[in-house]
Amino acid sequence: MSKQQSKWVEMLKAARKTALVQDGKRKIHFTLADGTELCEEYDVKTNDLLVRKWRRKSTLGASKPWEVEIGEPDVTAHMAALTLGSQHLMESNTNPICVRLDTRRAFQWRIRNLPYPLKTYEITVDSDEKNIVVRTTNKKYFKKINIPDMERRELKLDSEDMNIAHANNTLIIQYQKPKCILDDQVLLLAEFKKLKTGKDGDMECNQS
Amino acid sequence: MAATTTVNKVQEVREVTRLERIGAHSHVRGLGLNDDLEPRQVSQGMVGQAPARRAAGVILEMIKEGKIAGRGVLIAGQPGTGKTAIAMGMSQAMSRDAPFQAMAGSEIFSLEMSKTEALTQAFRKSIGVRIKEETEMIEGEVVEVSVERPATGTGAKIGKLTLKTTDMETIFDLGQKMIEQITKEKIQAGDIITIDKATGKISKLGRSFTRARDYDATDAQTRFVQCPEGELQKRKEVVHTVTLHEIDVINSRTQGFLALFSGDTGEIKSEVREQINSKVSEWREEGKAEIIPGVLFIDEVHMLDIECFSFLNRLLESDMAPVVVMATNRGITKIRGTNYSSPHGIPIDLLDRLLIIATKPYSEKETKQILQIRCEEEDVEMEEQALAVLTRIGMETSLRYAIQLITAASLVCRKRKGVEVSVEDIKKVYSLFIDESRSTTFLHEYQEEFMFSELAAAGDATSMET
């Protein structure tokens, strides 16, 4: 297993990395070979992955805005547009929002602003076994959730590993992480701990 | 609510009566050739100049077939013989995707940019790259649109748009521009629309089948479309055309906070350009992109100097060069920046690479037809006799002067509450505004009474020449 590393682990190991510990989080910035930027944040104490976001280049070479894969999306731009009034259109903040917040053993999604009772939702695994499909019987919400981690490993989804809950207008979907992904996590974590981390805050400035 | 509708109505009326500005060549809609490239005497706003138009048509056909990239065409002729009109006609007749970049020779003399940089940019602006790009689209059926003014009466309007697919529904907040677009496109409940997320452009696909019975009578052009399925937001591959210069600019922006300190106008590094050239040819080999050579039109090309001409020689040889169309009204004259004379003020070595199209002065009949077309374009009605007088003026002075008199005469006519411009009106403006030759004779007569006249008389001939 350790001999044959996954492509994902290899890619991250090869990337140019900068690490920083700030507010109890280990923040790591990766620059991949094709110019794509990746940002990850881990809790220093629990080693949970809190944020993973991407900045990809468009075909013509312009950099696109950050795409959040895991963690709360950055809402500053959205809020500014809501208060100041924007030129374009944006989703109203009463709409359901899907956020991925992983735990150590499971992938987890929280879909907020969904007031309907639990029996409204039909959550299945797509026929091609790559996506989780969330449907509502009242036709108000529909989403295909794909798990990039599983796709990178070329693993198929199994509806046995999935469970759902609903409380406080929030639908929570969990999917058990398979063993090989847990192994990768341990491997990467060991790698990241070896990184030289810069300290945030006032720099020590030794005279002479 | 009633108040808002009246406000909307007033705006609409204002839009309809908006005055359109008319350009010098806005009547030109093409080269006026038939399918065999034979020029029609009067067509698409073009009159006469049959051989020149035919030649331009042949070149256009070669451009369309992609055979002539990297070659030059020179349109030469006296002032006011339709050189720019032919170039405009070529641009109108080209396919919409192919870029047409027009510039004047004197445009490149800027203090902010070197001459060669300006020329290179103009070249790269006239080469298009057709490429596939992934964009995020929102596609759905409109459930509800509502636009409200704030209670205070002033400030930005607030809009909400509810879209649905067969599986879901989402509410969007609308910004100012989107509200304008929605009112302009007359989007209403039951329409199926797509919105490009990056640009915010809305396009209407049709009406939903479920709404087919809303009205008893529908427009023949109304299309009925199935309501989309699945998620509202979709990724779609869209083919669009960008110019090489646009790709240059995207890739030469300084990254990060350094962007704050560097202006956007500066020169683009040659390394960036080389990188992009190799990237584009890579795409082309992989079949991802297609190169569309366009046309670069340089008016008043004699204003370029010898450095530009030699640089043009080099640019024309590169493998990604557009078709360069130049126009000049000079005969044998000095090349700018040297003491050598050359035909059209262009060095012989560059002239050698060009195909030359000559334009000839217009005949009386053609002048009359052009004046007639301009009258139509400017919405001026003119008596037959007045047109004859104006044609006479046009033949004796210049076509441009006669065209300028049209607007002036129509104003005089309107002042006296006439409907048609008469001979009297023409006579009046002819006496009010003098043409170039009358101005010259006037100056010759009263030279002494003008300022600095004794200086010019005393000054030697060399100062006159500069």
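Within every chain, numbering begins at 1; the chains are lettered A, B, ... in the order of the sequence lines, protein sequences first and strands thereafter.
Sorted by first and then second residue, the ring-ring contact (aromatic ring centres under 6.0 Å, His included) pairs involving residues 120-166 of chain A (not counting sequence neighbours) are A/Tyr121-A/His166.
The distance from atom OG1 of A/Thr94 to atom CG of B/Asp173, rounded to the nearest 0.5 Å, is 7.5 Å. Atom CE of B/Met168 sits about 11.0 Å away from atom NZ of A/Lys140, to the nearest 0.5 Å. Atom NZ of A/Lys57 and atom CD1 of B/Ile250 lie 11.0 Å apart (nearest 0.5 Å). Here B/Leu161 contributes atom CG and A/Glu91 contributes atom CD; the two are 11.5 Å apart, rounded to the nearest 0.5 Å. Rounded to the nearest 0.5 angstrom, A/Thr136 OG1 and B/Glu169 CD are separated by 9.5 Å.
In this structure, B/Ser278 has no side-chain hydrogen bond (donor to acceptor under 3.5 Å, both in side chains) partners at least two apart in sequence or on a different chain. Residues satisfying the side-chain hydrogen bond (donor to acceptor under 3.5 Å, both in side chains) test with B/Asp191, not counting sequence neighbours, are B/Arg207.
Only the backbone of B/Thr166 comes within contact range of chain A, with heavy atoms under 4.5 Å apart. Of the two parts of B/Lys132, only the backbone, made up of N, CA, C and O, holds a non-hydrogen atom closer than 4.5 Å to a non-hydrogen atom of chain A. Using a 4.5 Å cut-off between heavy atoms, B/Val242 contacts chain A through its side chain alone, with no backbone atom that close.
Annotation for A/Leu60 and B/Ile131: closest pair CD2-CG2, 4.2 Å, computed over non-hydrogen atoms.
The contact list for residues 230-239 of chain B toward chain A, using heavy atoms and a distance under 4.5 Å, reads B/Gly230, B/Glu231, B/Gln233, B/Arg235 by residue number.
Heavy-atom contacts from other residues, nucleotides or ligands closer than 6.0 Å to CG of A/Asp128 number more than 12. Other residues, nucleotides and ligands contribute at most 12 non-hydrogen atoms within 6.0 Å of the CD atom of B/Glu229. Surrounding NZ of B/Lys204 are more than 12 heavy atoms belonging to other residues, nucleotides or ligands, all under 6.0 Å away. Around CD of A/Glu160, the count of heavy atoms belonging to other residues, nucleotides or ligands within 6.0 Å does not exceed 12. Within 6.0 Å of NZ in A/Lys13 there are more than 12 heavy atoms belonging to other residues, nucleotides or ligands.
When each of B/Thr199, B/Val280, B/Ile276 is checked for heavy-atom pairs under 4.5 Å with chain A, B/Thr199 comes out on top.
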